[in-house]
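First comes the structure, then the notes that go with it.
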Number of protein chains: 2
Amino acid sequence: MRTIDDMDRRILAHLQKDASIPLDDLGARVGLSRNACWRRIKALEESGVIRGRVTLLDPEALGLGLTVFIFVRTSRHEPDWLDKFARATRAMPEILGAYRMSGDLDYLIRARVADVAGYDRLYRALIRKVEMSDVSSSFVMEEIKETTELPL
Amino acid sequence: MRTIDDMDRRILAHLQKDASIPLDDLGARVGLSRNACWRRIKALEESGVIRGRVTLLDPEALGLGLTVFIFVRTSRHEPDWLDKFARATRAMPEILGAYRMSGDLDYLIRARVADVAGYDRLYRALIRKVEMSDVSSSFVMEEIKETTELPL
DNA sequence: AATGAAACGAGATGTCC
DNA sequence: GGACATCTCGTTTCATT
């Protein structure tokens with residue numbers, strides 16, 4: 001794996017905020033020439049530090065005004081169950097995140113839907129696909145922070 | 001606000017996955033000329049549907065192997081407290097998401113840290129900044145799904 | 001081994017029909 | 001939607017330290 005130095009971090013910090021910044025500008029900001037930047041970025045891509053460049057959309061504008069967290073407990077702890085759960089959540093586009101947790105909570109799901117009716121559809125589809133003993137949901141009233149930027 | 005039709009959705013679906021796709025390829029995939037694609041994208045940017053283009057990084061490669069969810073209850077419900085909480089979470093780069101919730105849970109925080117020691121530092125920094133009556137955390141054992149793609 | 005200057009070429013941008 | 005001209009910017013080459 002590539003050793004990431006301070007200059008890499010500075011470059012990544014900028015790219016995390018805005019991937020469409022020209023190499024000239026980026027170089028000027030971090031104090032490097034255009035192709036020194038370019039070489040580092042390419043190396044970071046090849047080593048897998050950079051996962052990709054994506055376009056971020058406004059959920060509100062797309063009619064996805066409601067974020068919901070779904071807390072799941074299950075009595076079934078076979079690997080088979082996890083497999084089914086993983087396939088189900090990955091196949092449902094409303095589900096943005098799914099996590100197996102420590103503690104007494106077993107699984108946590110983060111999803112985006114239009115409204116409460118949309119949540120209900122998601123909920124029904126989910127329990128139809130995977131057996132769950134205890135499901136409780138909590139709606140996001142206010143999104144205080146939401147970022148894709150990792151701490152560097 | 002702009003009305004988003006089916007063609008817009010198809011374009012956005014591709015851009016959400018990969019922002020660096022050439023306009024020619026994008027046009028071929030959705031069945032539109034490069035020019036038509038370009039015009040739509042520009043309109044979607046100006047109307048705010050497209051928020052921006054960012055680079056996604058690999059947390060593991062950056063030594064951020066641990067995702068943690070922090071559940072917060074507070075006895076203080078003045079707008080002043082929320083203000084302080086919002087400023088604190090926004091200022092802490094380890095915190096990727098912060099939400100005011102419905103139900104008996106008051107606030108939920110999603111964060112990325114290196115390890116349990118890193119979590120402890122974050123926890124201490126947080127309670128030093130904002131008064132909280134009840135904080136409990138749960139660590140992510142397995143990231144089953146994590147995406148920035150919204151359902152279209 | 002990493003950098004910078006310069007040249008090259010692909011693709012984005014803007015305008016025409 | 002297509003065709004065009006222009007120009008920015010990613011990419012390659014090479015010299016330098």
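Letters A, B, ... are given to chains in the order of the sequence lines, protein chains preceding strands, and every chain is numbered from 1.
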Kindly give the atom pairs (protein nitrogen or oxygen, nucleotide nitrogen or oxygen) under 3.5 Å for nucleotides 2-8 of chain C.
from, atom 1, to, atom 2, distance (Å)
C:dT3, OP1, A:R40, NH2, 3.0
C:dT3, O4, A:R39, NH2, 3.3
C:dG4, OP2, A:S33, N, 2.8
C:dG4, OP2, A:S33, OG, 3.1
C:dG4, N7, A:N35, OD1, 3.2
C:dA5, N6, A:N35, ND2, 2.0

- Please work out if A:L23 contacts a base, only the sugar-phosphate, or nothing of the nucleic acid, heavy-atom cut-off 4.0 Å.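 Result for A:L23 = base.
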
Inspect the contact between [Y] and [X] and indicate whether a charged nitrogen and a carboxylate oxygen are less than 4.0 angstrom apart.
X: A:R87; Y: A:D83; value: yes
X: B:R29; Y: B:D25; value: no
X: A:R40; Y: A:D5; value: yes
X: A:R34; Y: A:D24; value: yes

Check the distance between [N]'s [atom2] and [X]'s [atom1] and give it to me in whole angstrom.
X: B:I21; N: C:dG11; atom1: CD1; atom2: P; value: 12 Å
X: B:E46; N: C:dT13; atom1: CD; atom2: C1'; value: 13 Å
X: B:W38; N: D:dC7; atom1: CH2; atom2: C1'; value: 13 Å
X: A:D24; N: C:dA12; atom1: CG; atom2: C1'; value: 16 Å
X: A:L15; N: D:dG10; atom1: CG; atom2: P; value: 10 Å

- Does some side-chain heavy atom of B:M132 sit less than 4.5 Å from a side-chain heavy atom of B:W81?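 B:W81 vs B:M132: side chains touch.
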
- Item | Nearest-nucleotide pick for A:K42, side chain only, options being C:dG14, D:dT12, D:dT11 |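 My answer, after comparing the listed nucleotides, is D:dT12.
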
- Measure up the A:Y119 and A:F139 rings against each other and bin them: parallel (under 30°), tilted (30 to 60°), perpendicular (over 60°).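 Rings of A:Y119 and A:F139: perpendicular, over 60°.
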
